[in-house]
Amino acid sequence: MELTKHYDPAATESKWYAHWNGLGYFNSIPDNRKPFTVVIPPPNVTGVLHMGHTLNETVQDILVRRARMSGFNACWVPGSDHASIATEARVVAMLREKGIDKNSLSREEFLKYAYEWKETYGNIIYGQIAKLGCSVDWNRTNFTMDDHYYKAVISVFVDLYRKKLIYRGARMIHWDPSARTALSDEEVEYREVEGTLYFIKYPIVGTAEFITVATQRPETIMGDTAVCANPEDSRYHHLKGKKILIPLVNRQVPMIFDDYIDTQFGTGALKVTPAHDINDYTLGLKHGLQVIDTLNEDGTLSPAAEIFVGMDRFEARKKVVERLRNEGFLLKEEAYLTRVGYSQRSHAVVEPRISTQWFVKMKPLAGPALEQVLSGEIRIHPGEKFLATYKYWLENVKDWCISRQLWWGQRIPAWYDSKKRFVVAENEETAITAYRQEFGGLQEGEILTQDEDVLDTWFSSWIWPMEVFRGITEPDNREFRYYYPGSVLVTGQDIIFFWVARMIMAGMEYENEKPFSDVYFTGMVRDKFGRKMSKSLGNSPELLKLIEKYGADAVRFGIMISSPAGNDLLFDEAGMEQGRNFNNKLWNALKLVRGWSSRQAEMAGKIEDPEMNFAVTWFENRLNQGKNEIQQLISSFKLSEALKNLYSLIWDDFCSWYLEWVKPGYEQPIPPTIYAKTISFFEELLQWLHPFMPFVTEEAYHLLKDRKPGDDLCIKQFGSPGEADSKILMTGERLRSLLAAGREFRQQHHLKNIEPINRIVLSVEIFGNNQSLYTIIRRQLNASVIDFKTNEPGNDQPIHLIPFMGHQIGFQTGKKVDVVKHRKNLEEELSYYLGFLESLNKKLSNERFMHNARPEVVALEKKKKEDTEEKIAAIKLTLKS
RNA sequence: GGACUGCUAGCUCAGCUGGUUCAGAGCGCUGCUUUGACAGAGCAGAGGUCACUGGUUCGAACCCAGUGCAGUCCA
């Protein structure tokens, strides 16, 4: 079969994915091997996969495939996350486009739409994961709202409530007026914003005086219930006991004093609005102030505001300022840089709001989670970057607000009676029993009603590593005992608190065992200018289109080649082009080697014995060296470095050097032994590359040789790499330098490749008498004869001597060459070495160096001196001739 | 404001405990090369005061201190 000119990924990828999957290679069941467990960070069912996912999934697939090929029972669990608030927002928007208002729907009707949405996007995501080549076990797909998963989340809630680690209470929380729900602290993102500081005059009751306060939020003055100054601040001492009149609403409030106030900020006087600022809230509690909530849950002004009722908060701000100005209360305005909190999901400006919500007590959970990481039980990669952040967060963690005023998610298992007394229980039935026990029977006709709210989506994902194996619902099942704890978690650094820390907490709380041993943080994928990827910038490429254009292997290559762990990755299609070219290089090497299969024939001479063939011996050792390096890099999670090494091992060492060295001449035969060695080298390279680029390698593996059924690269086990002989490697280096020197000579003297070099003269000390080496030199440099008459110029034709590794080599051609230029180059080289020698001499005659430096360093310097002197001698000799 | 990380070639990054001719790789760039695997290629080449300033040391890209710039997290 004739192979195409270029490798065609589209033709092979779906074929191999179906093949692997069909034979169950990705499916795992417990056996006597060691497990290698990875749970996918479940993508949100909000949309399609982006480049961040692509990076994560690729990294995981590399690790999983490699483990599968290294004797482990590899199990990679796929799944998706219901992503409560994010998905609900998308569904609401989708409905709005259809002209349907969420509020006109019942909970059940809405959930029907949400499940439809989940079905559509969940499947798109799974399709993308498959396209990318991910070797996930499709029999183990989990969704965070699956029945068993739902039950698990509820039972964790009930359990933590019973342990008093969950409580309900009125607290100041972050409110998202757009999604109309509470948020956790982590779901708020702060940004610096240009704001205005308004200086407002508040009349002092019973006097003609004013007190001026500075505020960024004039629309909240209707909720003011005090004015406060620092007790040390002499400017306001005379106001003790006075009442202040709130402009526009004309309410009298007390003047209070507290050392919380910063005398330097603004005027040193603060308006206190306990309902709308966390600090004011605390101050209000301390001083027993009234709380007036002037906002509705959608961010419009409530009746309590008295004026501008029903108007949006930002509109109201303008109106309030306008009226304050008109009525003479506005003293001045100043530009002011301030920090504003935005909802991570809806991007609305969040409001501090007092509200009754459910919370998880975090301190007791944080301790063990911190200990796991600090003790090294869990290793974070790259550690130096994230350890401090992790530690700081856990040491300062605040209670976690887990209730959300949404429908899409696990509904909070609390049941209330008409007096708002409640019990927490798995379901309605047990709730009734529990209620009887606690409060006696229900009144005639009274029913218990379940809490309307659902749980934070992270309250479900924190048990992901356990419940995908039914570890919460059936804690002692065999699979869970086998697969848990997992091996490595690969995820983005942006969810270190949302998810990683909390999974460790849950693991410690429920299993007293970490959920994974290693955490590999990937960076954020940005565009090639370093900007975040976003729809509005149009710089977020579609995964499927990229795969269509370059092939999945090339996409994987492109994203891996430049992604050192933890660093942001600048996405550039050039990397994918490089990957595609790499595919093609492999493809063409394959074509070359396949062409030899019918040309195998015995040849006279020692070259047939692979032991005697330098190319074979050298590559064998080079391959071992490469494998050892790559193994080292992978085990320290330096995947992009490992890929780079493989790339150059294949492209440079194998294709550019080895294959050229063993390549038979035009229509010449190749010894079967050499052919067999070449096939086995190629196979090994494909195997090592397979975890990174699974498709092209599997295809090439099968085209290289006929395979028995079941002999697939996907499950082929690695052998352990042998030792590399450094002497042979050194000879290889020397050979490569010689070939380079010969090519440079040709280039400099415009000697075309088809014009032979008549004679090469070199010292026998350089390469000894391995004949196959000289064959390589003659063929690669197109030289007719090789002579060993050291330092002896030829007779009839001029010979051109070049210093080489302390010796000199000569090239004799029929052509005239540019002697002047040649000499000039040599002289330049000579002066460089003379300078270097001088610095060495200086160092060696420095007594302090000789005294203080380690002996081996001194020996090294002496060796350098000898080498340099040899080289100088060789150059001088060359110049003389 | 606090903490962390980074600053090495045009770009993206290696450079392990200070010491080989150590200033590197890939991409890009420049030149040359088209019948025998591959122009999606081959060969060769040019490119850097290792952010700056001081210090420690026989010796600093590497250690220490300070400065500047960038990014991230937390107030």
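Numbered from 1 within each chain, the chains take letters A, B, ... in sequence-line order.
- Neither side chain, Glu683(A) nor Ser680(A), offers a donor N or O lying under 3.5 Å from an acceptor on the other.
- Partner Tyr7(A) forms a side-chain hydrogen bond (donor to acceptor under 3.5 Å, both in side chains) with one of Asn588(A), Asn581(A), Thr12(A) and no other, that one being Thr12(A).
- At the phosphate of G42(B), OP1 or OP2 sits under 4.0 Å from a side-chain N or O atom of Lys585(A).
- Considering only side-chain atoms of Arg580(A), the nucleotide from G40(B), C13(B), C74(B) that sits closest is G40(B).
- Between the CD atom of Glu573(A) and the P atom of C27(B) there is a distance of 18 Å, rounded to whole Å.
- Ring orientation note: the planes of Trp393(A) and Phe497(A) are close to parallel, at an angle under 30° on the 30°/60° scale.
- Comparing A37(B) with G45(B), their P atoms are spaced 24 Å from each other, to the whole Å.
- Neither OP1 nor OP2 of A3(B) sits under 4.0 Å from any side-chain N or O of Trp393(A).
- With both ends at atom C1', the span from A25(B) to A65(B) equals 33 Å, rounded to whole Å.
- Using the Watson-Crick or G-U wobble rule with both distances under 3.5 Å, U34(B) pairs with nothing in any strand shown.
- Below 30°, between 30° and 60°, or above 60°: for Tyr647(A) and Trp651(A) the angle between ring planes is between 30° and 60°, a tilted geometry.
- Residue Tyr647(A) is classed as a sugar-phosphate contact, given heavy-atom separations below 4.0 Å to backbone atoms only.
- Picking from G26(B), U12(B), C38(B) the nucleotide with the shortest atom distance to the side chain of Asn588(A) gives C38(B).
- As judged by a 4.0 angstrom heavy-atom cut-off over every strand, Glu660(A) is placed among the base-contacting residues.
- On the C1' atoms, U49(B) is 43 Å away from U34(B), given to the nearest whole Å.
- Taking the C1' atoms as reference points, A3(B) lies 34 Å from G10(B), given to the whole Å.
- Counting non-hydrogen atoms under 4.0 angstrom, Arg599(A) reaches nothing in the nucleic acid.
- Under the Watson-Crick and G-U wobble criteria, each requiring two contacts below 3.5 Å, nucleotide G18(B) is left unpaired.
- Of the two residues near RNA chain B, Tyr7(A) and Glu186(A), the one whose nearest nucleotide lies more 5' is Tyr7(A).
- Atom CD in Glu641(A) sits roughly 11 Å away from atom P in C16(B) (whole-Å rounding).
- Pairing for U67(B) is with A51(B), a Watson-Crick or G-U wobble pair whose two hydrogen-bonding atom distances lie under 3.5 Å.
- Taking atom C1' in both A70(B) and A51(B), one finds a spacing of 11 Å when rounded to whole Å.
- Residue Lys644(A) contributes atom NZ, which lies 9 Å from atom P of C13(B) at whole-angstrom precision.
- Between the side chain of Arg339(A) and the base of A75(B), at least one donor-acceptor pair of N or O atoms lies under 3.5 Å.
- Going from atom CG of Asp494(A) over to atom P of C74(B) covers 11 Å, rounded to whole Å.
- Residue contacts shown for Tyr666(A) include a base, since a base heavy atom lies under 4.0 Å away.
- A residue-by-residue look at Glu744(A) and Asp568(A) shows that Asp568(A) has its nearest nucleotide of RNA chain B further toward the 5' end.
- Taking a pair to require two hydrogen-bonding distances under 3.5 Å in either a Watson-Crick or a G-U wobble arrangement, G28(B) remains unpaired.
- Heavy atoms of Trp651(A) sit under 4.0 angstrom from primed sugar atoms or phosphate atoms, though from no base atom.
- In a base pair of the Watson-Crick type (N1 to N3 plus N6-O4 or O6-N4) or a G-U wobble (N1-O2 and O6-N3), with each distance short of 3.5 Å, A61(B) is matched with no nucleotide.
- At the heavy-atom level, Arg743(A) lies under 4.0 Å from the strands shown only through sugar-phosphate atoms.
- Taking side-chain N and O atoms only, Lys5(A) has a distance below 4.0 Å to OP1 or OP2 of A39(B).
- Glycosidic conformation, G47(B): syn, with the torsion inside 90° of 0.
- For the pair Glu629(A) CD and G15(B) P, the interatomic distance rounds to 14 Å; values are reported in whole Å.
- Here, C13(B) and G55(B) have their C1' atoms 30 Å apart, quoted to the whole Å.
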#### Entry: Candidate pair Asp653(A) and Arg736(A), rule salt bridge (charged side-chain N to carboxylate O under 4.0 Å, His left out), full reasoning
CA-CA 10 Å; Asp653(A) 296 295; Arg736(A) 285 158 64 150; 2.7 Å; yes
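- For A14(B), the OP1/OP2 oxygens have no side-chain nitrogen or oxygen of Lys638(A) closer than 4.0 Å.
- If you check every strand for non-hydrogen atoms under 4.0 Å, Ser656(A) touches sugar and phosphate atoms only.
- Side chain of Lys591(A) to backbone of Thr4(A): a donor-acceptor contact under 3.5 angstrom is found.
- When the C1' atom is used for both A75(B) and U57(B), the distance is 42 Å, rounded to whole Å.
- A37(B) atom P lies 16 Å from atom CD1 of Ile679(A), rounded to whole Å.
- Using a 4.0 Å heavy-atom cutoff across all strands shown, Gln493(A) reaches no nucleic acid atom at all.
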### Message
Between Lys663(A) and Glu660(A), does the salt bridge (charged side-chain N to carboxylate O under 4.0 Å, His left out) criterion hold? Intermediate values first, please.
### Response
CA-CA 5 Å; Lys663(A) 187 197 253 178; Glu660(A) 292 299 331; 3.4 Å; yes
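- The aromatic rings of Phe745(A) and Phe811(A) lie parallel to each other, with less than 30° between the two planes, well short of the 60° mark.
- Taking atom CG of Asn782(A) as the reference point, atom C1' of G42(B) lies 16 Å away to the nearest angstrom.
- Here A3(B) sits opposite U72(B) as a Watson-Crick or G-U wobble pair (both hydrogen-bonding atom distances under 3.5 Å).
- Using a 4.0 Å heavy-atom criterion, one finds that Ala589(A) contacts the bases of the nucleic acid, with or without backbone contacts as well.
- Rounded to the nearest Å, the gap between the C1' atom of A60(B) and that of C22(B) is 13 Å.
- Regarding contacts with the backbone of A41(B), a side-chain N or O of Asn581(A) is found under 4.0 angstrom from either OP1 or OP2.
- For Phe497(A), counting side-chain heavy atoms from C-beta on, the closest listed nucleotide (C74(B), U12(B), A37(B)) is C74(B).
- Nucleotide G40(B) holds its P atom 15 Å from the CD atom of Gln578(A), rounded to whole Å.
- There is no side-chain donor-acceptor pair under 3.5 Å between Asn230(A) and Thr263(A).
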